[in-house]
Each structure stands twice: as C-alpha cells, then as structure tokens.
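Data first, discussion second: the structure below is written as structure tokens.
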Amino acid sequence: MWRRASFGAALLAAFAVAFGLGGAGSGADGPWPDAQVAAQWPTFASVPAAESGGGVSGWNGVFWGCVPSSRVSADFACEYRDAQARTGYVCVAPEAVDAPITPIAIDARVAPDDPTYAGEPPTSVCYSALAYRLSIG
C-alpha cells in the first residue's frame, strides 16, 4: 500500500514539474517571462500594442504561455488561446533574460488568421519583428 502511494505521489510531482517548467498554460505563476506577461496582460485585448496586420477582428483569447525563440535568448512568442483553439500571439523581447517585461518589449501583436503572417511560425515572426526593431534603433 505504501509503495502505491509513494509511486502515485512521485508521478504527480513529475507531472507538476513537467507542466510547470514547460510553460504551456502556466499562467501568472509560471516561469519567466510567463508570470510577468500573464499578470500584466491576461487577455489578448489587454496587450498595449496595435495589431500587426489583420486577423480575427475583436478577438480576445487568454494568456497561455511563452515560447522561446531558438535564435535569441530573450525573444518570445507569448501565446493567447480561446475556446475554439484559435491562437494569437504577442512578440516580447526584453532587454535581457530575467529583465522586467514592459510595453516597450512588445514587438508585434498577431491575431489568429492574420493574412500577413499566416504561413510563418510565431517564433520566426517574432525574430523578424525584433530584427526590424533593432534596425530602426
């Protein structure tokens, strides 16, 4: 009986660590930058930036989690999702890893079905948005 309880507790702990560190749906208590983005902008409509292109008009998904760029250490596509499984994202690139997330760090805000970025993965769009921001100073 004790072995089963220990195994169950260990399995539950492993599951919690996997989801907590993975960032998917981690919300306001998740890893950096998830915690700051979720706390400041819990919904897509609350993000203080204009939409980059078109997409679903008036869409307002909830914060889901941030996906890091494979090219730059402090560049993220922070995803927002709704009940219909549509995903929009916000490109966030703070000055350094673990730096405070502010509206200045936002490079793009992309709603679902945006025709401009439809075929590109969010992390590629965010990398391009960061490169553009750096190129204009």
Side-chain angles (χ1 to χ4, degrees):
M1 180 82 106
W2 183 81
R3 282 185 177 169
R4 263 191 255 175
S6 296
F7 178 73
L11 185 60
L12 183 59
F15 213 48
V17 168
F19 280 103
L21 295 178
S26 52
D29 58 345
W32 183 88
D34 291 23
Q36 290 184 44
V37 173
Q40 293 182 74
W41 311 305
T43 63
F44 189 76
S46 66
V47 176
E51 285 186 35
S52 305
V56 178
S57 179
W59 185 79
N60 194 26
V62 296
F63 178 79
W64 185 257
C66 297
V67 179
S69 166
S70 60
R71 297 180 180 184
V72 179
S73 62
D75 187 31
F76 297 87
C78 296
E79 297 181 344
Y80 289 79
R81 296 187 183 167
D82 66 11
Q84 290 77 39
R86 293 179 295 191
T87 302
Y89 55 95
V90 175
C91 299
V92 177
E95 292 182 14
V97 174
D98 292 330
I101 306 297
T102 65
I104 295 168
I106 299 170
D107 290 327
R109 181 173 170 244
V110 183
D113 301 327
D114 183 297
T116 307
Y117 306 111
E120 298 298 320
T123 53
S124 292
V125 173
C126 291
Y127 176 73
S128 296
L130 174 61
Y132 176 74
R133 180 179 75 173
L134 294 174
S135 74
I136 60 172

Got a sec, which pairs hit salt bridge (charged side-chain N to carboxylate O under 4.0 Å, His left out) with one end in residues 114-132, sequence neighbours left out?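 Pairs touching residues 114-132 that pass the test: none.
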
Under the side chain to side chain contact (heavy atoms under 4.5 Å, CB included) test against Tyr80, which residue among Val90, Val62, Thr87 passes?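 So the option named by the test is Val90.
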
For Ala45, is there any backbone N or O sitting under 3.5 Å from a side-chain donor or acceptor partner on Asn60?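 Yes: the side chain of Asn60 pairs with the backbone of Ala45.
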
Enumerate the residue pairs fulfilling ring pair (Phe, Tyr, Trp, His ring centres under 6.0 Å) with a member in residues 106-137, sequence neighbours excluded, ordered by first and then second residue.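 Those involving residues 106-137 do not exist here.
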
According to side chain to side chain donor-acceptor pair (under 3.5 Å), who are the partners of Glu95, at least two apart in sequence or on a separate chain?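 Partners of Glu95 under the side chain to side chain donor-acceptor pair (under 3.5 Å) test: none.
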
Could you list the residues that satisfy side chain to side chain donor-acceptor pair (under 3.5 Å) with Glu79, not counting sequence neighbours?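 Arg81.
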
Once salt bridge (charged side-chain N to carboxylate O under 4.0 Å, His left out) is applied, do any residues pair with Asp75, and if so which ones, sequence neighbours excluded?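 Partners of Asp75 under the salt bridge (charged side-chain N to carboxylate O under 4.0 Å, His left out) test: none.
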
Same apolar cluster: Ile104 and Leu134, side chain cutoff 4.5 Å: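 No; tracing contacts between hydrophobic side chains, which count when under 4.5 Å, never links both residues.
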
ILVMFWY cluster, Phe76 and Val97 together (side-chain gap under 4.5 Å):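 Looking at the clustering, Val97 is in the same group as Phe76.
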
If hydrophobic residues (ILVMFWY) are linked whenever their side-chain heavy atoms come closer than 4.5 Å, directly or via other members, who joins Val67 in its cluster?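 Members alongside Val67: none; it stands by itself.
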
Quick one: disulfide bond (SG atoms under 2.5 Å apart) pairs with a partner in residues 105-137, sequence neighbours left out?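 Found Cys91-Cys126.
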
Distance, nearest 0.5 Å, that separates OG1 of Thr123 from CG of Leu130: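 The OG1 atom of Thr123 sits 12.5 Å away from the CG atom of Leu130.
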
Applying side-chain hydrogen bond (donor to acceptor under 3.5 Å, both in side chains) as the test, list every pair that has at least one member in residues 100-113; sequence neighbours left out.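 Residue pairs passing side-chain hydrogen bond (donor to acceptor under 3.5 Å, both in side chains), neighbours aside: Asp107-Arg133.
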
Below 4.5 Å, heavy atoms only, C-beta onward: do Phe63 and Cys78 meet side chain to side chain?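 Yes, their side chains come closer than 4.5 Å.
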
Val110 versus Glu51: any side-chain heavy-atom pair under 4.5 Å?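 No, side chains not in contact.
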
Partners passing side-chain contact (heavy atoms from CB on, under 4.5 Å) against Pro100 (at least two apart in sequence or in another chain):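 So Pro100 forms a side-chain contact (heavy atoms from CB on, under 4.5 Å) with Gln36.
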
Applying side-chain contact (heavy atoms from CB on, under 4.5 Å), name anything that partners Pro48, two or more places apart in sequence or on another chain.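 Pro48: side-chain contact (heavy atoms from CB on, under 4.5 Å) contacts with Trp41, Pro103, Ile106.
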
Give the minimum heavy-atom separation between Ala129 and Ala108, together with the two atoms involved.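 In terms of heavy atoms, the two residues are closest at CB-CB, 4.2 Å.
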
Over all heavy atoms of both residues, which pair between Cys66 and Val37 is shortest? Give the atoms and the distance, please.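 Of all heavy-atom pairs spanning Cys66 and Val37, the closest is SG-CG2, 4.2 Å.
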
Once ring-ring contact (aromatic ring centres under 6.0 Å, His included) is applied, do any residues pair with Tyr89, and if so which ones, sequence neighbours excluded?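 In terms of ring-ring contact (aromatic ring centres under 6.0 Å, His included), with neighbours along the sequence ignored, Tyr89 is linked to no residue.
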
Taking only residues two or more places apart in sequence, or in another chain, which ones meet Trp59 in a ring-ring contact (aromatic ring centres under 6.0 Å, His included)?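 Here the qualifying residues are Phe44.
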
